[in-house]
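If you're wondering where the values come from, they're calculated on a predicted model, not measured in any experiment.
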Amino acid sequence: MALSTRCLHALLAVLLSAGAVPPASAQEYPSRPVRLIVPFPAGGPVDAHARAVQRALAADLGQPVLVENRGGASGTRGAALVARAPADGYTLLVGNATTLAMTPGMRSSMPYHPVEDFTPVIQTVMVDYVLVVSPGVPVRSVGELISHARARPGALSYGSAGIGSAQHLAAELFQAQTGITMAHVPYKGAGALASDLVAGHVHVAFADQATMMPQVRAGRLRVLAVGGARRSPAYPDLPTVAEAGKLPGYEAAAWQGIVGPAGLPSPIVKRLNDAFRRVQADPQVRQRLQAAGLTPVGGSPDEFGTYIRSEIAKWTKVARDIGATVD
């Protein structure tokens with residue numbers, strides 16, 4: 001005997017409550033293009049990651065993946081866009097240390113809460129930084145830079161990808177630990193910063209390898225050290241800032257990760273986490289990432305959420321200790 005429509009609905013409700021039938025959103029996801037919001041202009045490390053995984057991620061998800069650059073306000077404009085988006089998995093943020101940890105620690109007000117307004121998906125990469133100077137600066141080591149700057153307070157300028165960015169905080173921490181004073185020149189992105197470094201309009205920068213090392217190899221910039229806690233596998237002969245400048249504990253490195261709006265359903269989070277892990281394990285994608293100075297990480301959504309909270313606490317303390325604010 002045929003079941004009535006009411007009976008069918010009742011049976012489906014029972015099956016759903018028992019977990020026998022996955023929710024429709026999980027079954028169908030994704031059924032249309034997925035947007036990756038890069039909250040910075042093209043040319044920087046966040047954009048480099050999105051472009052490196054875009055094609056393979058689209059193949060894994062079975063839908064187009066669209067990379068959208070929504071720069072402005074040190075990444076907070078694009079991040080706020082994602083925070084306000086529907087929690088359906090079709091608008092994701094390629095977040096980083098700046099948007100999810102550093103800027104929140106330096107601003108008294110934010111257009112989003114880095115924990116409450118997002119759902120962690122996966123930590124994607126660590127970003128290797130280098131300390132570079134323009135050719136006109138007559139120094140060839142971190143020690144020489146410190147001595148040169150101490151003898152000329154305020155004469156040197158350093159550039160960053162914006163107020164509250166990782167480059168900004170890295171330079172402020174360097175100044176605090178060395179006692180030097182340099183003028184801050186914020187830019188809208190790493191590409192514009194690199195161009196002005198080459199031209200000598202700004203003198204010093206802590207920035208990502210992908211943007212700066214091609215200029216170093218071309219002889220247009222001089223690299224003094226790497227910013228991480230350890231030497232870079234890509235440049236093992238370069239000392240760290242900590243060892244070259246005799247600054248124990250100094251570290252300038254950044255990270256990236258994918259988050260969605262708050263309330264993103266767990267089946268969609270798992271689908272995305274699995275996809276990103278598979279994509280970043282692909283040898284060709286991994287090679288592209290490493291060539292851009294990006295070291296793949298991975299891990300679970302919960303691990304990334306815990307990491308974000310620990311980074312907020314860490315950088316809030318650093319900003320308070322050195323007096324770095326954005327407001």
Side-chain angles (χ1 to χ4, degrees), residues 38 40 42-56 94 96-98 122-135 137 139-145 158-161 165-167 169-171 173-174 189-191 193-195 197-198 204-245 247 249-257 276-277 279-299 307 311:
V38 173
F40 300 98
V46 180
D47 183 69
H49 175 267
R51 307 288 174 181
V53 302
Q54 181 180 15
R55 184 175 297 180
V94 189
N96 69 343
T98 296
I122 189 170
Q123 184 182 359
T124 50
V125 295
M126 294 298 296
V127 185
D128 297 324
Y129 272 28
V130 287
L131 168 57
V132 295
V133 296
S134 61
V137 180
V139 303
R140 295 190 174 274
S141 70
V142 177
E144 288 182 4
L145 173 62
Y158 75 87
S160 78
S165 66
Q167 297 98 323
L169 206 52
L173 183 59
F174 182 73
L193 165 59
S195 297
L197 272 168
V198 170
V204 181
F206 293 82
D208 62 284
Q209 290 183 11
T211 302
M212 299 301 166
M213 291 309 291
Q215 304 291 349
V216 171
R217 288 192 291 270
R220 292 189 284 265
L221 291 178
R222 188 179 306 121
V223 62
L224 304 183
V226 296
R230 296 179 223 36
R231 294 194 179 201
S232 169
Y235 305 100
D237 294 334
L238 276 179
T240 65
V241 172
E243 63 180 306
L247 303 171
Y250 180 88
E251 182 178 2
W255 49 265
Q256 297 177 23
F276 272 96
R277 285 201 287 178
V279 164
Q280 294 199 161
D282 178 86
Q284 291 185 338
V285 173
R286 199 173 187 87
Q287 184 178 26
R288 285 198 293 272
L289 292 173
Q290 290 174 335
L294 307 175
T295 303
V297 181
Y307 184 71
E311 284 285 285

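Closest approach of T211 to A194, counting heavy atoms only: CG2-CB, 3.8 Å. Residue A161 comes nearest to Q167 through the heavy atom pair CB-NE2, 3.4 Å, listed as atom of the first residue, atom of the second, then distance. Closest of all the heavy-atom pairs between V38 and A50 is CG2-CB, 3.7 Å. Here the closest non-hydrogen pair linking A205 and G159 is CB-O, 4.0 Å. Smallest separation of non-hydrogen atoms from A234 and Q209: CB-OE1, 4.3 Å.
Under the 4.5 Å side-chain criterion, counting only non-hydrogen atoms from C-beta, L238 is not in contact with S232. Proximity of V142 to F174: side-chain heavy atoms (C-beta onward) are separated by under 4.5 Å at one or more points. With a 4.5 Å cut-off on side-chain heavy atoms, L289 and Q280 count as touching. Residues M212 and L193 meet the side-chain proximity criterion, which asks for heavy atoms closer than 4.5 Å. The closest side-chain heavy-atom distance from V127 to Q256 is below 4.5 Å. With a 4.5 Å cut-off on side-chain heavy atoms, F206 and L173 do not count as touching. Here the side chains of V223 and L221 are not in contact, with every heavy-atom distance at 4.5 Å or above.
One finds the CG atom of D208 at 7.5 Å from the CG atom of L294 (value rounded to the nearest 0.5 Å). Rounding to the nearest 0.5 Å places CD of E243 at 12.5 Å from CZ of R230.
By the salt bridge (charged side-chain N to carboxylate O under 4.0 Å, His left out) test, R286 pairs with no residue at all, sequence neighbours left out. Every residue two or more places apart in sequence or in another chain was checked for a ring-ring contact (aromatic ring centres under 6.0 Å, His included) with F276, and none qualifies.
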Please evaluate residues L145 and L131 with respect to the criterion side chain to side chain contact (heavy atoms under 4.5 Å, CB included), reporting the C-alpha separation (whole Å), side-chain torsions for both, the decisive distance (0.1 Å), and the verdict.
CA-CA 10 Å; L145 173 62; L131 168 57; 4.0 Å; yes
Give the intermediate values and the outcome of side chain to side chain contact (heavy atoms under 4.5 Å, CB included) for residues V241 and Y129.
CA-CA 10 Å; V241 172; Y129 272 28; over 6 Å; no
Please step through side chain to side chain contact (heavy atoms under 4.5 Å, CB included) for the pair D128 and Y235, ending with a clear verdict.
CA-CA 11 Å; D128 297 324; Y235 305 100; over 6 Å; no
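Looking at R220, its side chain never comes within 3.5 Å of a backbone N or O of Q215 through a donor-acceptor pair. One N or O on the side chain of R222 and one on the backbone of V139 form a donor-acceptor pair closer than 3.5 Å.
Under the side chain to side chain donor-acceptor pair (under 3.5 Å) criterion, no residue pair touches residues 287-298, with sequence neighbours excluded.
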